[in-house]
Amino acid sequence: VAALRRATGFVLTGVDDHNRERAARFADLLRARFPEIPTTLSGYATDSVVRLSAAGLLEPAGDADLAGRRLFGFCGIARPESFGRTVQAAGLEMGGFLPLADHQRYVPAVLDRIRTRAAQAGAEALVTTEKDLVKLAGCAADLGLPLYALRRRVVRTRPLPTTSWPLSDNGPVSPAEAKQPRWCVEKSTFSTSFPVCVIFATVSGSVALLRGCAGLRFKNLNLYNFL
């Protein structure tokens, strides 16, 4: 715990309506223990829809490809139910969902399960995470349906303050305010040089967070999972 005093900031990621209260309590503990270090909460929002090109590379698919289509979702991440909520929040119709093990390997037996469940759900297309889509390059055609992924971006639960560090927020968060699903959809303007020690206390995942911090250079970066 003493090592956390070397941090210039704490960022709790993956905050949504299902864990906002717990995340706010944890943020309050960090502020009470380290009042001099800014603490902020962030979540994820759908940025765009992608698919695999003929060469097996990610390419934009366009939201129209999913509009009005009955989808079947699946993913192999630590908390697959969070992806189901992401699909629903994007306003897409999902007729069924298959949660898989974290870091799932897409062997023929798993592909068969997805095909069978999708057929039972009357799906017209499949939707998964960007992480899983990349792993399916080379075997996506075996699924028998168009396959898409939702690309997510990092957003703040409140508008970013104007400070030397765009993510800083020293003010306390009231219980009522912490529950408000207010997102900052504008992309942050980060400095291109940020050679400091930063600790990210993560609620779930960090890939989208690191993508959002592209251009920053860190002296030290530590990731912690606590929820």
Side-chain angles (χ1 to χ4, degrees), residues 13-16 18-19 42-155 200 202-214 221 223-227:
T13 73
V15 179
D16 59 24
H18 289 76
N19 60 25
S42 70
Y44 302 110
T46 299
D47 184 69
S48 60
V49 180
V50 295
R51 63 188 174 192
L52 291 170
S53 68
L57 302 177
L58 295 180
E59 65 178 10
D63 294 343
D65 286 336
L66 299 185
R69 304 179 78 173
R70 186 173 179 83
L71 306 174
F72 182 82
F74 66 93
C75 65
I77 59 177
R79 295 177 178 82
E81 67 280 357
S82 66
F83 178 68
R85 295 195 294 267
T86 297
V87 175
Q88 293 176 344
L92 300 174
E93 179 187 357
M94 190 163 61
F97 181 70
L98 176 62
L100 300 171
D102 194 14
H103 307 296
Q104 176 70 61
R105 293 178 61 244
Y106 286 96
V107 297
V110 175
L111 299 178
D112 286 341
R113 287 178 61 197
I114 296 172
R115 278 197 304 267
T116 300
R117 292 284 299 275
Q120 292 172 346
E124 302 171 81
L126 302 170
V127 62
T128 188
T129 67
E130 193 173 0
K131 167 188 170 184
D132 290 283
L133 182 62
V134 171
K135 295 171 67 174
L136 284 160
C139 62
D142 296 336
L143 291 171
L145 288 172
L147 176 63
Y148 303 92
L150 300 185
R151 173 169 288 174
R152 300 191 299 175
R153 69 177 183 275
V154 175
V155 292
F200 290 103
T202 67
V203 175
S204 63
S206 58
V207 175
L209 175 64
L210 296 179
R211 180 187 295 122
C213 293
L221 178 64
L223 302 175
Y224 294 90
N225 287 306
F226 70 96
L227 283 181

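Please read all numbers here as calculations on a predicted model, not as lab measurements. Along the sequence shown, residues are numbered consecutively beginning with 1.
Interatomic distance, Arg152 CZ to Glu130 CD, rounded to the nearest 0.5 Å: 10.0 Å. Annotation: the span from Arg117 atom CZ to Phe74 atom CZ amounts to 12.0 Å, rounded to 0.5 Å. Rounding to the nearest 0.5 Å gives a distance of 12.5 Å between OG of Ser42 and CZ of Arg153. Here the CG-OG1 distance, from Leu143 to Thr128, works out to 9.5 Å after rounding to the nearest 0.5 Å. In this structure, CE on Met94 lies 12.0 Å from CG on Leu66, to the nearest 0.5 angstrom.
In terms of heavy-atom proximity, Gly68 sits nearest to Glu124 at O-OE2, 4.1 Å. Taking every heavy atom of both residues into account, Leu98 and Arg113 meet most closely at CD1-NH2, 3.4 Å. The nearest pair of heavy atoms linking Ala121 to Gly95 is CB-O, 4.0 Å.
The salt bridge (charged side-chain N to carboxylate O under 4.0 Å, His left out) search around Lys131 returns Asp102, not counting sequence neighbours.
Here the side chains of Leu136 and Leu111 are in contact, with some heavy-atom distance below 4.5 Å. Counting only heavy atoms from C-beta outward, the side chains of Thr13 and Val154 never approach each other to under 4.5 Å. Two residues are said to be in side-chain contact when any heavy atoms from C-beta on lie closer than 4.5 Å; Asp132 and Ile77 meet this criterion. Counting heavy atoms from C-beta outward, Tyr148 and Leu126 have side chains that stay 4.5 Å or more apart. You'll find the side chain of Asp142 stays beyond 4.5 Å of the side chain of Tyr106, heavy atoms only. Considering only heavy atoms from C-beta on, Gln88 stays 4.5 Å or farther from Phe97 through its side chain. Looking at Leu150 and Tyr44, their side chains never come closer than 4.5 Å, going by heavy atoms from C-beta outward.
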Practice item. Could you give me the CA-CA distance, side-chain angles and deciding distance for Leu52 and Leu57, then say whether side chain to side chain contact (heavy atoms under 4.5 Å, CB included) is met? Key: CA-CA 5 Å; Leu52 291 170; Leu57 302 177; over 6 Å; no
Practice item. Would you check, one step at a time, whether the test side chain to side chain contact (heavy atoms under 4.5 Å, CB included) holds for Phe72 with Leu145? Key: CA-CA 10 Å; Phe72 182 82; Leu145 288 172; 6.0 Å; no
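Applying the salt bridge (Lys or Arg N to Asp or Glu O under 4.0 Å) rule to pairs touching residues 85-98 yields Asp16-Arg85, Arg70-Glu93, sequence neighbours excluded.
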